[in-house]
Amino acid sequence: MGIVGDSLDRAAQAGFTRPIPRSAGAQMRYLVKQHKGATKQVAALLGISQRTVERYVKDQIKRPKPDLAARMETEVRRRWQPLVRKRAREKAAKQTGLVIETRARFGFTAAPGTTDDGRMRRITQHLPPEYAGRLLAAQDAGASEADLQRIAAEGLQDVYFRDGGGRAQGLLVEFTDIDYIEVDL
């Protein structure tokens, strides 16, 4: 996905109440169960043969290659505890908001070489539920990484740089050169 989208997914996963299945066989059985027993769909999802999926389900293969293990874990995490994930996202969108920690180059509308020229900043900021809701709704709607970054930048612009709209009215904030974004729901 991207930096913002992946961070939102990791934040939702932090609220899991049970660990994901650890063994390859248990992960494969979970994926098959999620696809209502369709081993062919799971095989297409993971890029392996249907027979290989069946062998993992029966524990005839115990150790997948590292790239397959990573794909399996990613797909299991994506589907694990959907109700817990949904509750955390709804709470962030309606009540608590979310916390964004980022190290990025923030650019302002100013002539190059002035004191307002863009520079790297590390910012940890709570975004209110209105921005959290917009960010999560955009992710659910399949927004691009650029759209997610724009919404996060608008939130930081309003809350951090403009202090809730009280100062710096002509300020424009854009993410450029993002190193990371961590999100806590």
Side-chain angles (χ1 to χ4, degrees), residues 1-59 61-102 124-155 178 180-185:
M1 180 169 268
I3 295 173
V4 177
D6 290 344
S7 296
L8 289 170
D9 288 339
R10 277 194 311 273
Q13 292 169 7
F16 288 164
T17 58
R18 293 180 296 145
I20 68 166
R22 296 189 59 99
S23 72
Q27 287 180 354
M28 195 64 77
R29 284 188 290 277
Y30 177 77
L31 289 173
V32 169
K33 183 179 178 184
Q34 291 297 305
H35 285 89
K36 298 176 175 50
T39 55
K40 192 172 189 176
Q41 289 179 349
V42 175
L45 177 72
L46 297 173
I48 57 177
S49 71
Q50 183 177 357
R51 179 67 185 131
T52 303
V53 171
E54 293 166 355
R55 291 175 66 201
Y56 275 109
V57 167
K58 294 178 183 177
D59 281 330
I61 303 176
K62 301 220 184 257
R63 294 200 175 128
K65 292 180 180 176
D67 61 327
L68 176 59
R71 287 194 313 264
M72 285 171 45
E73 183 176 349
T74 299
E75 293 302 326
V76 169
R77 281 190 187 280
R78 186 173 291 148
R79 291 165 176 75
W80 190 248
Q81 293 191 323
L83 295 178
V84 171
R85 183 188 318 257
K86 181 181 175 185
R87 268 186 253 125
R89 291 170 66 93
E90 285 177 356
K91 185 177 179 185
K94 295 179 181 173
Q95 296 174 1
T96 61
L98 50 85
V99 175
I100 289 185
E101 179 180 347
T102 184
T124 302
Q125 184 64 48
H126 175 266
L127 292 183
E130 62 195 51
Y131 287 107
R134 285 181 54 203
L135 201 55
L136 295 169
Q139 184 187 29
D140 290 342
S144 68
E145 178 66 17
D147 292 336
L148 295 176
Q149 287 181 12
R150 184 184 45 75
I151 294 169
E154 287 175 15
I178 299 174
Y180 71 91
I181 291 182
E182 289 296 322
V183 178
D184 291 326
L185 294 177

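The structure presented is a predicted model; accordingly, all values stated were derived computationally and were not measured.
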Peer 1: Show the numbers, then the answer: is there a side chain to side chain contact (heavy atoms under 4.5 Å, CB included) between M28 and L46?
Peer 2: CA-CA 10 Å; M28 195 64 77; L46 297 173; 3.7 Å; yes

Peer 1: Please confirm whether the backbone N or O of T96 pairs with a side-chain atom of H126, one donor and one acceptor, at under 3.5 Å?
Peer 2: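 Flag set: sc H126 to bb T96 pair under 3.5 Å.
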
Peer 1: Does a salt bridge link R29 with D59, judged by any charged N lying under 4.0 Å from a carboxylate O?
Peer 2: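 Looking at R29 and D59, the cut-off is met.
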
Peer 1: Identify the two heavy atoms, one from G15 and one from V84, that lie closest to each other, and give their separation to 0.1 Å.
Peer 2: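 Taking every non-hydrogen atom into account, O-CG1, 3.2 Å.
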
Peer 1: Which heavy atom of P64 sits nearest to which heavy atom of A24, and what is that distance?
Peer 2: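 So the minimum-distance heavy-atom pair works out to CD-CB, 3.6 Å.
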
Peer 1: So do the side chains of S7 and R10 get within less than 4.5 Å of each other, counting heavy atoms only?
Peer 2: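 The answer is yes; the side chains approach within 4.5 Å.
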
Peer 1: Verify salt bridge (Lys or Arg N to Asp or Glu O under 4.0 Å) between R134 and E130, making sure each step is shown before the conclusion.
Peer 2: CA-CA 6 Å; R134 285 181 54 203; E130 62 195 51; over 6 Å; no

Peer 1: Are the side chain of Q50 and the backbone N or O of A43 linked by a donor-acceptor pair below 3.5 Å?
Peer 2: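 No; judged by distance alone, with no hydrogens or angles, the pair does not exist.
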
Peer 1: So, does W80 use its side chain to make a donor-acceptor pair with the main chain of R18 at under 3.5 Å?
Peer 2: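 Yes, the answer is positive, given that a donor and an acceptor are paired below the 3.5 Å cut-off.
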
Peer 1: If only atom types and distance count, is the side chain of R89 paired as donor or acceptor with the main-chain N or O of L136 below 3.5 Å?
Peer 2: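 Looks like yes, one N/O pair under 3.5 Å.
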
Peer 1: Is a donor on one side and an acceptor on the other found under 3.5 Å between the side chain of Y30 and the backbone of R79?
Peer 2: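 Yes, Y30 side chain to R79 backbone: donor-acceptor pair under 3.5 Å.
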
Peer 1: Considering all heavy atoms of both residues, which atom of L148 and which atom of L135 are nearest to each other, and what is their separation?
Peer 2: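 That would be O-CD1, 3.4 Å.
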
Peer 1: Could you check whether any side-chain N or O of E145 sits under 3.5 Å from a backbone N or O of I3, counting only pairs where one atom can act as donor and the other as acceptor?
Peer 2: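 Answer holds: yes.
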
Peer 1: About how many Å separate CD of E101 and CD of Q125, when rounded to the nearest 0.5 Å?
Peer 2: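 Q125 CD to E101 CD: 11.5 Å, rounded to 0.5 Å.
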
Peer 1: Are R55 and T52 linked by a side-chain donor-acceptor pair shorter than 3.5 Å?
Peer 2: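 Not at all, the side chains of R55 and T52 share no donor-acceptor pair under 3.5 Å.
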
Peer 1: So, for R77 and F16, which heavy atoms are closest and what is the spacing to 0.1 Å?
Peer 2: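 Smallest interatomic distance, heavy atoms only, reads O-CZ, 4.0 Å.
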
Peer 1: I need the L8 CG to D140 CG distance, nearest 0.5 Å.
Peer 2: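 Separation between the atoms: 9.5 Å.
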
Peer 1: Can you check side chain to side chain contact (heavy atoms under 4.5 Å, CB included) on V4 and Q139, steps first, answer last?
Peer 2: CA-CA 9 Å; V4 177; Q139 184 187 29; over 6 Å; no

Peer 1: Hey, is D67 close enough to R71 for a salt bridge, meaning N to O under 4.0 Å?
Peer 2: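 Result for this pair is yes, salt bridge flagged.
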
Peer 1: Between E54 (side chain only) and T39 (backbone N and O only), is there a donor and an acceptor less than 3.5 Å apart?
Peer 2: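 The answer is no, because no donor-acceptor pair under 3.5 Å joins these two groups.
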
Peer 1: Taking all heavy atoms of Q95 and all of P129, pick out the closest pair and write down the distance.
Peer 2: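 Shortest heavy-atom separation between Q95 and P129 comes out as O-CG, 3.3 Å.
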
Peer 1: Walk me through whether R78 and E75 qualify under salt bridge (Lys or Arg N to Asp or Glu O under 4.0 Å).
Peer 2: CA-CA 5 Å; R78 186 173 291 148; E75 293 302 326; 2.9 Å; yes

Peer 1: Quick one: pull up CE in M72 and CG in L31 and give me the separation to the nearest 0.5 Å.
Peer 2: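 Going from CE on M72 over to CG on L31, the span is 7.0 Å.
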
Peer 1: Which atom pair, heavy atoms only, marks the closest approach of Q27 to P21?
Peer 2: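 Nearest pair, atom of Q27 first, then P21: NE2-O, 3.0 Å.
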
Peer 1: Take Y131 and I100 through the side chain to side chain contact (heavy atoms under 4.5 Å, CB included) test and state the conclusion after the steps.
Peer 2: CA-CA 11 Å; Y131 287 107; I100 289 185; over 6 Å; no

